[in-house]
S.K.: 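Sharing a structure with you now.
First listed ligand is number 1; within each ligand, the first listed atom is number 1. Note that this is a predicted model, so its numbers are computed, not measured.
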Amino acid sequence: MNFRTIIEPFRIKSVESVKFTRREDRVEALSAAGFNVFRLRADDVLIDLLTDSGTGAMSSMQWAAIMQADESYAGSRSFYRFEQVVQDLTGFKHIIPTHQGRAAERILFHTILSPGMVVPNNNHFDTTRANIEVEEAEAIDLVIPEGRIPHVLHPFKGNVDLAALDRLLDERGDVVPLVMVTVTNNSGGGQPVSLENLRAVRDICHKYEKPFFLDACRFAENAWFVKLREPGQADRTPKAIAQEIFSLADGCTMSAKKDGLANIGGFLAMNDDSWAEAARNLLILTEGFPTYGGLAGYDLEAIARGLEEVVDESYLRYRIRSTEYLGDKLIAADVPIIRPPGGHAIYIDAKALLPHIPALQYPGIALANALYVEAGIRGVEIGTVMFGMRPDGTEVPASMELVRLAIPRRVYTQSHIDYVAEAVIHVASQRGELRGYRLLEAPRALRHFTARFEPA
Ligand SMILES: *Cc1c(COP(=O)(O)O)cnc(C)c1O
C-alpha cells in the first residue's frame, strides 16, 4: 500500500518553546521596530518565516560530528572531510570555505570585477547584486518572461532567457567576466532551473568562452524539481542530478545556511587555478586561513554531514511537499501567490492582494506587518524596499511586490503550517483595511535590513 500522507522523515529529540504574545504587545513591538520586521526581537515572534537561511534544525548526526571536530588552525581533519564531501558533490578542483554565501560572493567579485563590467544571472539575489554593484559593475537579470509574472504556471520558472543571454554576450561580451545562474531562483520565487536550460547556458558560455558559475544555495531543492518535472529524470537520484548540475559549471558560490543544512557557513568553489589563487589571498586577508575560511572546525563538520543529508530522497520529498502544502491552502482560498509554489518559500503577491496601496507606499511591508500584528508570523518583503533603490539614489518600483514566507528546514510541523495558512487567509479577508507606509530613514545599500517606516 502506498499511503498518500507524506510524513516528516524524522522524530524530534529536542524541543524549543515558542512564545505567545498578545496583539497589543505586537502592535507596540512593531512600532518600536520602526515598522520593519527585521528590527523585531525574535523572542516576540511566534512563527518565524523571515528566512530559511541558517534557521534549520540540525540532525543528531550533525551534532555528533560537531563533537568530534578538529579545531586545528591549519590543515584540520575537519577541513579535509568538508573538502572531500564538497568535491564529491561538485567535482570542482578548488574548495574555499567562507563564513557564509555573501563572503564567497564578495571574494569572487572583488577578485574578478572592475568598474563597468556586467554580470548576468536569472535573478541576482540581493547580496549578489549588492556585491556586484559595490565594485561599480552592473547586475543584469535575464530570467524567462514567465518568471516575472506571479500567476503564470511553468515547470521551470527560474530558467534563463537564452536568446537574451546570447544577445548580451554578442553585444557586450567584452565586459562580461562570467555568467551566473541561481538554483533555485530565490528572488524569482524559489523557482527551479531545468537541466536542459543549464546545458544550454553552458553551451552559450562555451561559444563566447565565458566561465559559468552557479549560485548553488538550493541545489538539492532544484535537483528534486528536476527529478519531479523534467522528462527522463524521474529514475535518477537527487544526488546524481545535483552532480550533473555542478558538472555543467566552472564554479559556484554557496551558502551552507540553505541546502548545507547548517546554521552558518558557505564556500566558493572553482576549477580555475589563477582565480582560486587570487581568491585565497583575499580570503586570508579578510576571512581566515584557507583550511577554515572564518569557520570553526565543527562548522565544517556540520556542513559536510548536512550536504550528505540534504540529497536524501525522503527529506527532499517532505521538504518540497510541505512548502507546496501551504501553497495549496492559500491557492484554495484565492490568496494570490507565485505559482507553482517554489522550493523553500511561499511568495504572496502583495501587488495583486493590495491594489489600493501604491508601490512607493510598499504593499509588501503593509502585508508583512499585518501578518505580524494579527498572528505573530514574520515574513519578509521582497519588492520595492528590497530592490527599488538604484545605485544613483533614485527609487523605482520593483517588478514584483512579494511577501516571502520562507520555511526553515526540519523546524515546523504540519500544525504550525496550518496555523500560518489560517492567519494569512484571515489577513487577506481584511485586505481593504491595510494601509501603506512611508520611508523614514534607510542606508543606500541593502536598505531593507535596517530601514525605518511610519504609516502613510
Ligand atoms: C542566501 C543567499 C545568498 C547569500 O548567502 P548568505 O549565507 O546569506 O550570505 C546568495 N544567494 C542566494 C540565492 C541566497 O539564497
Side-chain angles (χ1 to χ4, degrees), residues 38 49-56 86 96-110 119-134 139 141-143 147 157-160 178-193 198 213-223 225 242 245-246 249 251-269 283 286-287 293-295 299-300 302-303 306-307 310 319 323 338 342-347 379-380 382 386-387 402 404-409 445-446 448-449:
F38 272 107
L49 308 182
L50 183 74
T51 175
D52 64 320
S53 177
T55 53
V86 177
I96 301 170
T98 59
H99 78 272
Q100 57 184 93
R102 72 197 66 186
E105 293 168 353
R106 193 190 77 87
I107 286 170
L108 174 67
F109 293 133
H110 192 69
V119 181
N121 203 327
N122 42 0
N123 284 112
H124 289 276
F125 183 64
D126 58 354
T127 60
T128 320
R129 172 175 294 279
N131 273 297
I132 290 168
E133 289 176 351
V134 79
D141 291 340
L142 296 178
V143 73
K157 278 179 99 167
N159 279 358
V160 175
L178 85 177
V179 173
M180 283 197 91
V181 176
T182 306
V183 294
T184 60
N185 188 20
N186 187 358
S187 302
Q191 300 290 325
V193 182
L198 290 166
F213 270 59
L214 293 164
D215 178 338
C217 298
R218 295 178 185 78
F219 72 93
E221 293 173 6
N222 201 95
F225 280 118
I245 290 173
F246 284 112
C252 73
T253 56
M254 172 76 189
S255 169
K257 303 173 73 171
K258 287 49 172 287
D259 276 353
L261 295 178
N263 300 124
I264 196 70
F267 56 86
L268 172 62
L283 185 86
T286 61
E287 294 274 312
L295 296 171
D299 296 319
L300 296 167
I303 296 165
L307 288 171
V310 78
R319 168 72 178 158
T323 305
I338 291 193
H344 66 292
I346 294 300
Y347 294 70
V380 64
I382 300 203
M386 189 178 278
F387 290 119
L402 305 171
R404 184 185 72 185
L405 304 176
I407 319 285
R409 293 169 180 78
L446 298 176
H448 51 287
F449 288 129

S.K.: Applying salt bridge (Lys or Arg N to Asp or Glu O under 4.0 Å), can you list everything that pairs with R218, at least two apart in sequence or on another chain?
M.R.: D52

S.K.: For atom 6 (P) of ligand 1, what's the nearest protein heavy atom and its distance?
M.R.: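 Its nearest protein heavy-atom neighbour is Q100 NE2, 3.3 Å.
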
S.K.: Assess K258 against F125: is NZ or CZ under 6.0 Å from the centre of the six-membered ring, and within 45 degrees of the ring's axis?
M.R.: yes

S.K.: Just to confirm my output: which protein heavy-atom neighbour is closest to atom 2 (C) of ligand 1, and how far is it?
M.R.: K258 NZ, 2.3 Å

S.K.: Are R129 and N123 packed together at the side-chain level, in the sense that at least one heavy-atom pair is separated by less than 4.5 angstrom?
M.R.: no

S.K.: Donor-acceptor check, side chain of T98 to backbone of Q100, threshold 3.5 angstrom: yes or no?
M.R.: yes

S.K.: Taking the side chain from E287 and the backbone from H99, do they hold a donor-acceptor pair closer than 3.5 Å?
M.R.: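 Answer holds: yes.
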
S.K.: Can you tell me which residue and heavy atom of the protein come closest to atom 11 (N) of ligand 1, and the distance to 0.1 Å?
M.R.: D215 OD2, 2.7 Å

S.K.: For atom 10 (C) of ligand 1, what's the nearest protein heavy-atom neighbour? Residue, atom name and distance, please.
M.R.: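 Result: E105 OE2, 3.0 Å.
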
S.K.: Which of the numbered atoms in ligand 1 are under 4.0 angstrom from any heavy atom belonging to G101?
M.R.: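 With G101 as reference, the close atoms of ligand 1 come out as 5 (O), 6 (P), 7 (O), 9 (O).
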
S.K.: Check each atom of ligand 1 against the heavy atoms of T182 and keep those under 4.0 Å away; list them by number with element.
M.R.: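 Answer for ligand 1: 13 (C).
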
S.K.: As an exercise, identify every atom of ligand 1 less than 4.0 angstrom from a heavy atom of N186.
M.R.: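 Matching atoms, with element in brackets: 13 (C), 14 (C), 15 (O).
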
S.K.: Look at atom 5 (O) of ligand 1 and find which of A256, S187, A406, S255 reaches it with the closest heavy atom.
M.R.: S255

S.K.: Give the atom numbers and elements of ligand 1 that come within less than 4.0 Å of a heavy atom of K257.
M.R.: 7 (O)

S.K.: Out of all atoms in ligand 1, which are within 4.0 Å of some heavy atom of C217? Include the element for each.
M.R.: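 So the atoms of ligand 1 that pass are 2 (C), 3 (C), 10 (C), 11 (N), 12 (C), 14 (C).
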
S.K.: Could you see which bit of R102 sits under 4.0 Å from ligand 1, with heavy atoms only: side chain, backbone, both or neither?
M.R.: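 Both parts.
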
S.K.: Test your reading of the model: is there a side-chain donor-acceptor pair from D141 to the backbone of H124, 3.5 Å cut-off?
M.R.: yes

S.K.: By ring-ring contact (aromatic ring centres under 6.0 Å, His included), which residues pair with H448, not counting sequence neighbours?
M.R.: F38

S.K.: So, the side chain of R102 versus the backbone of T128: is there a donor-acceptor pair under 3.5 Å, distance only?
M.R.: no

S.K.: Of all the non-hydrogen atoms in the protein, which one sits nearest to atom 4 (C) of ligand 1, and at what distance?
M.R.: T127 OG1, 3.5 Å

